[in-house]
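Reading through the structure tokens given below for one structure.
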Amino acid sequence: MNVKREKVNGSMVLFVQEERIDAHNSADFKELMLQLLEQGETDLVVQLQSVRFIDSSGLGALLAGLKNATAKSGKFTLTNIQPQVLSMFELTRLNRVFEIYPNLQDVFASDQ
Amino acid sequence: MNVKREKVNGSMVLFVQEERIDAHNSADFKELMLQLLEQGETDLVVQLQSVRFIDSSGLGALLAGLKNATAKSGKFTLTNIQPQVLSMFELTRLNRVFEIYPNLQDVFASDQ
Amino acid sequence: MTGTDLQVEVIIPTQTRYLELIGSIGEHIGKELDSFQGDRDALAYHLNLVLTEATTNAIKHSNFNDPKDTVKITIHICENELIIRVYDHGQGFDLESVPTPDFEHPKEGGMGIYFIRTLMDSVSYRKMKEANVLEIRKFLT
Amino acid sequence: MTGTDLQVEVIIPTQTRYLELIGSIGEHIGKELDSFQGDRDALAYHLNLVLTEATTNAIKHSNFNDPKDTVKITIHICENELIIRVYDHGQGFDLESVPTPDFEHPKEGGMGIYFIRTLMDSVSYRKMKEANVLEIRKFLT
Ligand SMILES: Nc1ncnc2c1ncn2[C@@H]1O[C@H](COP(=O)(O)OP(=O)(O)O)[C@@H](O)[C@H]1O
Ligand SMILES: Nc1ncnc2c1ncn2[C@@H]1O[C@H](COP(=O)(O)OP(=O)(O)O)[C@@H](O)[C@H]1O
């Protein structure tokens, strides 16, 4: 799983550099998020600009990240979701569960 | 065949808006070039930035354009060829036959 | 051919690295279907997803210990219907008893069959001697 | 499976709009081949190209008048070899007598077989009762 990390305004931003999140790489991705949370990075932002396809295991990995962050009283935010990927969140109503922003600027504007 | 046309510095620039040129669309593409030449557009520049794949019929269509332009004492130039597409020109030695530039700026700089 | 427009058969080892190949075949077929009246890009995504989910399940529930086990996937377009069949050699399961996800209390798993049911027109699962088969149909008109 | 790692079979009507599907299957397979030591992106392009060229020829030289005619394409990966077979129902031809293109006097046609020969390891063409078959092999080590 190719993910670029960058600290922005105190948040850990994960830039997912894959076109697909599916059962082949979602376990790795989940593992990475849980490790970061374990290490005290309790403000995660997942930037999904490059992701053109997500399956149920990918949604499951993100949900695991959210639940874990919430359990640690942390934050877990998604940004830059492509329209077709977003429609998978809508179909599972997960768009109501996650905090979703159009871009990073809006994520940090909402912090003020 | 999706091709955007734009007149630049007196040349007719064809921006090919397809990822593939193959036997499914190359005949259309050839037809378009020959028509433009027929209509007196004897300075054609084909911009191949979007093209990620070309087959032998696509190379053949470009060769038809070149031969036709030359027969009309016109010009026929290629620009923005992706590396893998360029390697098909090299394999057939057609890189020695066409005038090829990295980008439009260089095409027009060479006119001076 | 008598009515069949396209036939694809793929046999893969039970490894998730082949999911992208399978999904992308569905995606390309969806984009090619000019007989389809609806949103072809959406159909392409849905076929990619449905093939990915069904193949993932077949891989997951196959004979885990047998490196020679395989999953077969077929895609047929026949008149105005697209039929996907995914064959596994596992224990099988009862499709009808798979519940709809509880959207008020979302869980990490259990969304695959829901996607297949929601995005396609019919789904069935049969246990057979040679292999089990998940059959998925989508009308293209 | 006994040594076979991947098997793909596609049957298409004799129409060029399926070329992209066939080519893209080759491209995805090329990218997936982590046993291959060389440049996988180049291999992916080459498989896309070779499948496109061979399928184009099979379509072009099929029974032009028969809308029910089909072309079958198979791709097998077996140990360290990738084997492509393209079946046509046309008149057939003599592969050995196809000349190398004259690079000093380039022509619009006649580059397809050259690409196949140059980019792959072996090519043969056999006329058979049921169908003719172009067989292309590529070693993956
Ligand atoms: N091919 C299969 N063989 C055996 N069981 C299966 C198969 N496909 C699905 N199932 C069963 O159906 C359940 C629901 O599947 P699914 O909706 O894809 O969610 P998940 O796989 O995340 O649990 C699985 O947990 C499994 O018990
Ligand atoms: N499947 C086929 N059936 C009959 N003839 C074929 C077939 N494939 C190739 N050929 C013959 O071989 C020649 C060379 O093919 P190729 O190199 O692909 O160039 P082109 O198709 O542009 O002529 C063709 O002109 C044709 O005569």
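Being a predicted model, the structure only gives us computed values, none of them experimental.
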* Asked: side chain to side chain contact (heavy atoms under 4.5 Å, CB included) with C:His89: which of C:Asn132, C:Asp69, C:Val71?
  -> C:Asp69

* Using a strict cut-off of less than 4.0 Å between a Lys/Arg side-chain nitrogen and an Asp/Glu carboxylate oxygen, indicate whether A:Glu6 and A:Lys4 qualify as a salt bridge. => no

* To do: Indicate yes or no: does A:Arg52 engage A:Glu19 in a salt bridge with an N to O separation below 4.0 Å.
  => no

* To do: Sort out for me which of C:Gly112, C:Gly109, C:Pro106 touches chain A most, counting heavy-atom pairs under 4.5 Å.
  => C:Pro106

* To do: Name the member of C:Lys107, C:Lys60, C:Glu20 that forms the most heavy-atom pairs with chain A at distances under 4.5 Å.
  => C:Glu20

* To do: Could you tell me whether the side chain of A:Gln84 and the main chain of A:Phe53 form a donor-acceptor pair under 3.5 Å?
  => no

* To do: Using modelled atom types only, decide if a donor and an acceptor are shared between the side chain of C:Lys127 and the backbone of C:Gln91 within a distance under 3.5 Å.
  => yes

* Asked: What part of A:Ile54 is in contact with chain C, defined as an atom under 4.5 angstrom from a non-hydrogen atom: side chain, backbone, both or neither?
  -> both

* Choice from A:Leu91, A:Asn25, A:Val97 maximising heavy atom contacts with chain C below 4.5 Å -> A:Leu91

* **Which of A:Ser87, A:Ala64, A:Pro83 touches chain C most, by non-hydrogen pairs under 4.5 Å** => A:Ala64

* With a 4.5 angstrom heavy-atom cut-off, could you sort out which part of C:Phe115 is near chain A: side chain, backbone, both or neither? => side chain

* Asked: Where does C:Ile59 contact chain A at under 4.5 Å (heavy atoms): side chain, backbone, both or neither?
  -> neither

* Is the C:Phe103 to C:Tyr114 ring centre distance short of 6.0 Å? -> yes

